[in-house]
Amino acid sequence: IKEHSLFIGYQELEVEGKLLYILQDDKLLREAKEGMEVQLIFNKTPFYAESGGQVADTGVIVNDDAKLVVNEVTKAPNGQHLHLCKVISGKIEVGSNYYLKVNKYPRDLTTRNHTATHLLHKALKMVLGDHIAQAGSYVGSDRLRFDFNHFEAISKKDLEKIEKIVNEQIVANLQVKCEEMPIAKAKEKGAIALFSEKYGDIVRVVSTGEFSKELCGGCHVNRTSEIGLFKIISESGIGAGIRRIEAVTSEKAIEYTQTFIHSVETISLLLKANPQDITTKVKALLEENKQLAKELASLNQKIANEKANSLLEQASIINGYTVLSAIVHNIEINALRNMVDNFKSQLKSAVVVLANITQDKVVFMCGITNDYVDKGLNAGQLVKEMAKICGGNGGGRADFAQAGANNTQNVDKAIKFASEFIKSK
């Protein structure tokens with residue numbers, strides 16, 4: 001298919017065009033009926049085909065006999081715009097004329113994001129350095145994404161500078177001019193070539209006032225003030241030496257900002273403080289929480305020590321071994337480990353088995369002194385079998401092991417098993 005297809009979408013979003021080709025599964029058709037999904041080529045079209053990071057337009061194609069929805073537009077091998085459509089009603093035929101209508105609202109949002117991408121590119125160079133070069137992009141109606149080469153994460157301060165520069169250009173209401181010229185002249189004017197683009201002898205230069213000049217085949221606003229507002233929502237690394245910035249503009253930026261305003265208002269109500277005072281209030285609460293956490297840890301340790309003293313009295317002799325086995329409740333895991341170690345130290349020679357029940361879970365912890373290990377006792381074997389009784393699993397070294405389970409109803413059986421296990425030795 002070599003017949004030319006003219007793109008007029010820079011100037012018009014609606015045009016009457018002649019249907020040149022209908023394709024389905026790489027086959028040429030003369031007509032298509034209701035319910036069919038087909039690819040169409042017209043002699044002219046306002047639909048932008050996905051390229052240069054900018055998403056394709058969507059919309060409808062109609063005449064008196066048919067209606068189609070345009071879901072995607074790509075470029076055919078010879079450059080024609082290939083419209084992926086579904087016939088909603090009627091029948092279409094090659095040679096007939098149709099009205100091609102682009103969905104204006106998403107196109108407007110996309111053009112704002114595309115021009116904002118150019119402003120962002122220049123702002124990045126101004127703040128971070130001339131080494132910044134595009135390494136990929138996405139421009140849609142919902143957001144923009146800009147990938148670029150840089151060796152480290154961007155500081156919060158620099159991100160604020162970049163955002164401020166872009167918004168200053170928006171407020172300045174710069175004229176956006178799109179001109180076609182020889183590529184040599186474009187380079188002479190200082191236009192920046194973008195990632196993965198292939199350029200012919202004649203190129204399209206997009207200038208935003210005197211602020212930036214880039215070679216670009218995408219769609220743009222007439223003046224920067226149409227962008228309204230620019231807001232960076234994330235900055236991240238996506239590979240070695242490659243960073244990514246995602247941002248929103250226009251109505252999406254307002255929605256994003258309003259979400260934060262509502263959050264601040266809600267937090268202010270909860271803290272019973274003015275919005276300007278919430279940072280101080282939160283810092284004070286965090287410090288208070290930190291102090292309370294210390295006091296709670298200290299209190300828990302005291303409780304654990306008191307429990308430990310009473311549990312020591314439960315130690316008994318089984319088959320010549322000193323054994324301390326007990327069920328405890330809601331002991332923090334590090335405190336539980338300390339209890340086992342302390343019991344081993346105080347009893348000198350001992351098998352210590354603790355079952356710690358917390359809500360609907362149980363943790364078995366076992367410590368065995370080295371002299372008992374030398375006689376063949378193994379903590380890993382013991383807790384593994386105890387955990388099985390409660391539907392769990394675990395294990396560890398011969399002198400220390402830990403296991404977990406979800407069935408707390410059989411904890412008593414597991415503790416009794418510990419005695420049987422030691423008797424068997």
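Just so it is clear, the structure is predicted and the values come from calculations on it, not from any experiment.
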Exercise for the section: Go through the steps for E168 and K164 under the test salt bridge (Lys or Arg N to Asp or Glu O under 4.0 Å), then give the verdict. Expected result: CA-CA 6 Å; E168 284 174 347; K164 183 173 184 290; 2.5 Å; yes
Practice task
Could you grab the distance from atom NZ of K67 to atom SG of C85, nearest 0.5 Å is fine?
Solution key: 13.0 Å
Practice task
Would you indicate whether the side-chain heavy atoms of V282 and L271 approach each other to under 4.5 Å?
Solution key: yes
Completion exercise
Taken to the nearest 0.5 Å, the spacing of L336 CG from Q402 CD works out to 7.5 Å
Problem - Atom of A315, atom of T322 and distance for their closest heavy-atom approach - result: CB-CG2, 4.4 Å
Problem - Trace of the side-chain contact (heavy atoms from CB on, under 4.5 Å) decision for N71 with T58 - result: CA-CA 5 Å; N71 296 314; T58 59; 5.9 Å; no
Practice task
List the atom of I422, the atom of V323, and the distance in Å for their closest heavy-atom pair.
Solution key: CD1-CG2, 3.5 Å
Problem - Atom NZ of K125: over 12 foreign heavy atoms under 6.0 Å - result: yes
Problem - Pairs involving residues 149-171, ordered by first then second residue, that meet ring pair (Phe, Tyr, Trp, His ring centres under 6.0 Å) (sequence neighbours left out) - result: H131-H150, H131-F151
Completion exercise
Interatomic distance, CG@N330 vs OG1@T358, rounded to 0.5 Å, equals 5.0 Å
Exercise for the section: Without swapping roles, check the side chain of S424 against the backbone of F421 for a donor-acceptor pair under 3.5 Å. Expected result: yes
Exercise for the section: State whether the side chain of E226 and the backbone N or O of R223 hold a donor-acceptor pair below 3.5 Å, judged by distance alone. Expected result: yes
Exercise for the section: Would you check if S268 and V264 make a side-chain contact, meaning some heavy-atom pair closer than 4.5 Å? Expected result: yes
Practice task
Please confirm whether the backbone N or O of D108 pairs with a side-chain atom of T111, one donor and one acceptor, at under 3.5 Å?
Solution key: yes
Handout entry: Check against side-chain contact (heavy atoms from CB on, under 4.5 Å), Q346 and L312
Key = CA-CA 9 Å; Q346 292 180 63; L312 270 174; 3.0 Å; yes
Problem - Pairs flagged by side-chain hydrogen bond (donor to acceptor under 3.5 Å, both in side chains) wherever residues 288-299 is involved - sequence neighbours left out - result: none
Practice task
Find the distance between CG (L13) and CG (L100) and round it off to the nearest 0.5 Å.
Solution key: 11.5 Å
Practice task
For the pair V70 and D57, evaluate side-chain contact (heavy atoms from CB on, under 4.5 Å) and give the outcome as yes or no after the intermediate values.
Solution key: CA-CA 8 Å; V70 180; D57 287 326; over 6 Å; no
Handout entry: Backbone of F42 reached by a side-chain donor or acceptor of S5 within 3.5 Å
Key = yes
Handout entry: Criterion salt bridge (Lys or Arg N to Asp or Glu O under 4.0 Å) on K27 and D25, from CA distance to verdict
Key = CA-CA 5 Å; K27 294 180 181 179; D25 299 328; over 6 Å; no
Exercise for the section: Among L29, L68, I92, find the one that has a side chain to side chain contact (heavy atoms under 4.5 Å, CB included) with M36. Expected result: L29
Exercise for the section: Look at the side chain of T249 and the backbone N and O of L229, then say whether any donor-acceptor pair between them is shorter than 3.5 Å. Expected result: no
Exercise for the section: Go through the steps for E163 and K231 under the test salt bridge (Lys or Arg N to Asp or Glu O under 4.0 Å), then give the verdict. Expected result: CA-CA 7 Å; E163 191 173 272; K231 182 65 184 172; 3.3 Å; yes
Practice task
Evaluate whether atom CD of E152 has more than 12 neighbouring non-hydrogen atoms of other residues, nucleotides or ligands under 6.0 angstrom away.
Solution key: yes
Problem - Side-chain (K122) to main-chain (F211) donor-acceptor, under 3.5 angstrom - result: yes
Exercise for the section: Look at atom CD of Q409 and say whether more than 12 heavy atoms of other residues, nucleotides or ligands are closer to it than 6.0 Å. Expected result: no
Practice task
Check the pair L119 / T208 against side-chain contact (heavy atoms from CB on, under 4.5 Å), numbers first and verdict last.
Solution key: CA-CA 8 Å; L119 299 178; T208 51; 3.8 Å; yes
Handout entry: Residue pairs passing the ring pair (Phe, Tyr, Trp, His ring centres under 6.0 Å) test where at least one lies in residues 318-337, sequence neighbours excluded
Key = Y321-Y372
Problem - Nearest heavy atoms of I232 and A247, plus distance in Å - result: CA-CB, 4.0 Å
Handout entry: Nearest non-hydrogen partners of E34 and S89, listed with the distance
Key = OE1-CA, 3.7 Å
Exercise for the section: Can you see which heavy atom on L40 is nearest to which on V38, and at what distance? Expected result: CD2-CG2, 3.7 Å
Handout entry: H118 versus S212, side-chain donor and acceptor atoms under 3.5 Å
Key = no
Exercise for the section: Report yes or no: does R107 contribute a side-chain atom to a donor-acceptor pair with the main-chain N or O of G9 at less than 3.5 Å? Expected result: yes
Practice task
Measure up the H81 and H83 rings against each other and bin them: parallel (under 30°), tilted (30 to 60°), perpendicular (over 60°).
Solution key: tilted
Check: residues 374-391 side-chain donor-acceptor pairs under 3.5 Å, at least two apart:
unit_1: N378; atom_1: OD1; unit_2: G380; atom_2: N; d: 2.9
unit_1: N378; atom_1: OD1; unit_2: Q381; atom_2: N; d: 3.0

Practice task
Output every pair passing salt bridge (charged side-chain N to carboxylate O under 4.0 Å, His left out) with a member in residues 237-246, not counting sequence neighbours, ordered by first then second residue.
Solution key: R143-E246, D147-R244, E235-R243
Handout entry: Under 3.5 Å: donor-acceptor pair, side chain of T369, backbone of A350
Key = yes
Exercise for the section: Could you tell me whether a side-chain N or O of S345 sits under 3.5 Å from a main-chain N or O of F343, the two making a donor and an acceptor? Expected result: no
Handout entry: Donor-acceptor contact below 3.5 Å, side chain T224 vs main chain Q169
Key = yes
Problem - Distance-only donor-acceptor check, side chains H121 and E214, under 3.5 Å - result: yes
Problem - Closest non-hydrogen atom pair between V87 and K33, with its separation - result: CB-O, 3.4 Å
Handout entry: side-chain hydrogen bond (donor to acceptor under 3.5 Å, both in side chains) partners of residues 257-266, not counting sequence neighbours, each pair once
Key = none
Completion exercise
One should read off an interatomic distance between L144 CG and L109 CG, to the nearest 0.5 angstrom, of 12.0 Å
Exercise for the section: Return yes if a side-chain donor-acceptor contact under 3.5 Å exists between Y48 and T45, otherwise no. Expected result: no
Exercise for the section: State whether Y10 and R204 meet the cation-pi test: NZ (Lys) or CZ (Arg) under 6.0 Å from the six-membered ring centroid, and within 45° of the perpendicular axis. Expected result: yes
Practice task
Go through the steps to decide whether E251 and Y256 satisfy the test side-chain hydrogen bond (donor to acceptor under 3.5 Å, both in side chains), and finish with yes or no.
Solution key: CA-CA 9 Å; E251 296 165 26; Y256 183 84; over 6 Å; no
